[in-house]
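Everything below concerns the one structure shown next.
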Amino acid sequence: MDEDYGRDGRQEFIRGAKDIAKVVKKQAGKKMGRGVDKMADEYTKRSYKRFEEEDDDDDYPVQQSQDGDGYYGNDSRANDDDGGHSDSTEGHDEDDEIYEGEYQGIPAPETGKTGPVDRLAQQAQFPDVAHSEAERRKDQEELAQQYEAILQECGHGKFQWTLYFVLGLALMADGVEIFVVGFVLPSAEKDMCLSEESKGMLGLIVYLGMMVGAFLWGGLADRIGRRQTLLVSLSINSVFAFFSSFVQGYSSFLFCRLLSGVGIGGSIPIVFSYYSEFLAQEKRGEHLSWLCMFWMIGGIYASAMAWAIIPHYGWSFQMGSAYQFHSWRVFVLVCAFPSVAAISALTTMPESPRFFLENGKHDEAWMILKQVHDTNMRAKGYPERVFSVTTIKTVKQMDELVDIGEGTAWYQRWRMKLTELFNQVWSNFLAIFAPEYRRTTFMMMAVWFSMSFSYYGLTVWFPDMIKYLQKQEYSSRTKVFIKEKVEHVTFNFTLENQVHRNGEYFNNKFLNLKMKSMVFEDSLFEECYFEDITSSNTFFRNCTFIATLFYNTDLFKYRLINSKLVNSTFLHNKEGCMLSDFSDENSAYMIYFVSFLGTLAVLPGNIVSALLMDKIGRLRMLAGSSVISCVSCFFLSFGNSESAMIALLCLFGGISIASWNALDVLTVELYPSDKRCTAFGFLNALCKLAAVLGISIFTSFVGITKAVPILFASGALAVGSFLALKLPETRGHVLQ
């Protein structure tokens with residue numbers, strides 16, 4: 001100590017120490033909980049003792065008060081615990097905010113060095129952080145054990161089954177979203193004049209939206225709650241799905257489907273995390289697998305609605321040529337119903353009590369657990385049973401949203417709150433790459449990526465291969481006419497799948513008909529009349545038209561390749577887009593039927609995985625299903641017909657679904673509650689990215705070779721099954 005410290009210096013130091021202790025208790029207590037009070041008092045005592053020992057030659061010793069509570073001398077300026085003040089805190093009362101560095105011992109901008117009072121606060125700050133983190137970990141371990149015991153007391157019954165169907169609707173909405181665009185594309189391309197590139201982008205935009213949504217909503221669910229986040233995400237999905245059924249342009253439709261995908265992206269990460277926190281250990285694997293069935297139900301619902309609605313072209317109206325509402329738009333509207341139903345049902349359900357306990361909200365969690373207990377006991381015929389739990393362990397809080405002064409403008413308050421929330425979500429995301437979770441996270445990333453790359457790549461490749469085989473079979477039935485001569489004939493029936501070479505047509509009429517896959521080469525049309533013609537994949541190559549009239553047709557000049565027009569006229573050409581192909585009603589039914597069968601085929605796999613998940617374990621289920629799926633890929637080389645490809649599609653879907661169920665359960669159980677949705681959301685976002693890559697790569701080989709998609713899919717599944725065995729088994733463990 002400096003010798004200059006006399007009575008005044010000593011008293012000033014003591015007052016400052018006490019004031020800093022109060023500030024530390026106030027400010028750090030907000031971030032680290034009530035336990036910091038004791039630590040602050042201990043540091044005050046220790047500092048005073050050291051001061052007294054080093055200055056024992058002083059003529060003015062400081063005496064401890066008789067009651068032992070204070071550390072002030074006889075100076076009248078410091079006669080109670082709360083009355084002391086110093087220059088360092090002049091002007092600050094208990095409710096005043098100070099800059100962060102003040103209680104950490106960091107010099108204020110106008111000072112160049114740290115005084116003894118500042119050093120005291122600096123000593124107190126860093127040990128408290130480590131101490132609070134250790135206490136938080138201990139609290140989480142104790143809470144996990146106690147929470148499992150409480151769920152055992154609550155039992156499994158009416159409450160869990162009610163929540164099962166409510167969350168099932170949200171998962172069903174996710175399944176519907178995957179199929180919507182694929183089903184409406186054949187019809188939407190007519191209304192929106194979609195090119196092949198535009199159709200491809202529309203097919204991928206949903207996955208991109210879901211990728212963003214999974215990451216965004218998963219992170220928010222760990223900060224603001226599972227139920228609240230799920231309600232917001234489903235609301236966004238519903239609103240933009242509704243708008244997408246009415247917008248007319250391609251760009252606006254694309255935008256609405258993107259935001260609809262962003263909304264539904266939060267469904268899978270939140271639903272599984274939310275439901276798992278109401279399930280006891282012995283029920284968790286089985287009932288999470290049963291929950292997966294709703295994704296299958298969503299696919300069946302979408303297929304059935306498409307089958308029932310889209311081919312009915314009478315279900316439409318239009319307002320002039322500017323606004324058209326066709327049957328496929330009705331289908332898009334109907335596909336929003338599961339999401340709307342999920343929102344309505346979810347408003348009746350409570351927040352996850354585990355989330356409340358992780359955030360220090362004891363009373364709210366206790367009330368919900370009591371509700372679960374009482375609901376189940378009444379349903380089982382034991383209404384007299386009392387919820388015996390009186391106190392539940394809560395986790396020490398490390399940080400909260402910052403307090404913002406009342407004088408701050410509203411937009412600044414919102415900006416600061418959103419910034420703080422973003423920082424918390426981001427830090428929580430980085431925490432899943434901390435040393436204790438890093439290996440698990442990287443292994444799970446590899447498994448999720450390999451599974452998604454092969455599954456989504458093949459499930460889109462299958463229908464494209466079926467279409468290719470259909471085209472091949474269609475081409476094999478093409479009729480060829482050479483050097484035909486036709487005069488004074490009226491054609492008023494569909495012309496399809498024909499090639500005419502070196503023909504001569506004189507004074508013929510083509511009235512009110514469709515031309516599908518028609519090709520005329522080196523032919524002459526003289527004094528012919530074309531009226532009300534609709535065509536697809538129809539071209540005239542090196543033909544000559546003399547005194548020919550085209551009235552209300554879509555035979556634009558781009559369909560006349562290297563052809564000559566002599567005294568020929570085009571009147572009232574049809575407006576709208578010209579398609580390279582259009583499907584008949586039977587073809588549309590075939591698309592819906594194949595999707596229906598492929599979705600229904602996963603039912604046996606769902607049942608088997610649910611019954612065996614808690615018996616053989618998550619890892620065996622995941623690795624075993626992946627290996628069998630890998631082997632089944634080699635049967636694809638035998639799929640040389642439409643029926644064979646449909647059968648292989650059903651086989652692959654039925655086997656691989658068990659892998660997905662095991663992976664969902666494993667992801668829920670490998671991460672602690674405060675990081676569960678964040679980790680699940682990130683991995684599900686990676687899944688959607690892998691899906692985009694898989695779809696893009698696999699479809700590029702349609703009609704070229706089967707070997708590359710087969711090798712890619714089997715290789716990815718083999719790698720995924722191998723890495724899955726390296727993950728820790730979570731069967732029989734309490735939920736972290």
Side-chain angles (χ1 to χ4, degrees), residues 173-217 231-267 298 302 305-306 309-313 315-340 342-343 460 554 574-583 588 591 685 688-689 691-692 695-696:
D174 182 272
V176 170
E177 189 76 17
I178 294 292
F179 291 93
V180 169
V181 172
F183 287 160
V184 303
L185 268 181
S187 301
E189 65 173 332
K190 301 177 184 179
D191 289 356
M192 300 183 183
C193 304
L194 301 183
S195 63
E196 291 298 324
E197 293 77 11
S198 297
K199 289 192 291 184
M201 176 55 69
L202 193 55
L204 294 178
I205 199 68
V206 175
Y207 290 98
L208 295 176
M210 295 173 77
M211 178 179 68
V212 175
F215 184 82
L216 172 65
W217 304 119
L231 281 171
V232 173
S233 66
L234 290 175
S235 299
I236 292 176
N237 170 253
S238 302
V239 168
F240 286 97
F242 175 81
F243 286 156
S244 68
S245 68
F246 292 96
V247 296
Q248 294 293 298
Y250 167 73
S251 298
S252 54
F253 184 77
L254 189 73
F255 177 74
C256 287
R257 295 316 303 182
L258 172 65
L259 293 184
S260 177
V262 170
I264 203 62
S267 177
M305 292 298 101
I309 296 173
I310 294 179
H312 293 276
Y313 301 108
W315 295 13
S316 62
F317 66 89
Q318 63 182 41
M319 297 165 55
S321 60
Y323 188 87
Q324 300 176 345
F325 193 89
H326 293 150
S327 57
W328 67 268
R329 296 183 181 274
V330 178
F331 166 72
V332 172
L333 193 62
V334 169
C335 284
F337 288 173
S339 185
V340 175
I343 294 170
V460 174
D554 61 6
K574 286 190 174 181
E575 297 180 356
C577 53
M578 299 300 105
L579 305 178
S580 61
D581 190 14
F582 52 71
S583 303
I591 295 173
K688 297 304 185 288
L689 175 62
V692 172
I695 292 170
S696 302

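Since the model is a prediction, treat every value here as computed from it, not as a measurement. Any value given below was found using the heavy atoms of this structure, including those in side chains, with hydrogens, waters and symmetry copies removed.
- Between Ala336 and Ala241, the shortest heavy-atom distance links the atoms CB-CB, 4.0 Å.
- Between the side chain of Ser260 and the backbone N or O of Cys256, no donor-acceptor pair lies under 3.5 Å.
- Side-chain N or O atoms of Ser252 include one that pairs as donor or acceptor with a backbone N or O of Gly249 at under 3.5 Å.
- For Trp217 (side chain) and Val262 (main-chain N/O), a donor-acceptor pair under 3.5 Å exists by modelled atom type.
- Residues Val692 and Met211 fail the side-chain proximity criterion, which asks for heavy atoms closer than 4.5 Å.
- At least one side-chain heavy atom of Met201 sits less than 4.5 Å from a side-chain heavy atom of Tyr250.
- Shown here for Arg329 and Val247, the closest heavy-atom pair between the two residues is NH1-O, 2.6 Å.
- Within the 4.5 Å cutoff, the side chain of Ser233 has no heavy atoms near those of the Leu216 side chain.
- The shortest distance between side-chain heavy atoms of Ser244 and Phe240 does not fall below 4.5 Å.
- To the nearest 0.5 Å, atom CZ of residue Phe337 and atom OG of residue Ser238 are 11.0 Å apart.
- Atom CG of Leu204 sits about 12.0 Å away from atom CG of Leu258, to the nearest 0.5 Å.
- We find the CE-CD1 distance between Met210 and Ile205 to be 13.0 Å, quoted to the nearest 0.5 Å.
- Of all heavy-atom pairs spanning Ile309 and Phe331, the tightest one is CG2-N, 3.9 Å.
- From Ile264, atom CD1 reaches atom CD1 of Ile178 across 9.5 Å, with rounding to the nearest 0.5 Å.
- Summarising the geometry of Ile236 relative to Gly263, their closest heavy-atom pair is CG2-CA, 4.1 Å, with the distance given to 0.1 Å.
- Side-chain contact between Leu689 and Tyr207 is absent, with no heavy-atom pair separated by less than 4.5 Å.
- Here the shortest heavy-atom pairing between Phe242 and Phe246 reads O-CD1, 3.2 Å.
- Heavy-atom minimum distance, Val332 versus Ser245: CG1-CB, 3.9 Å.
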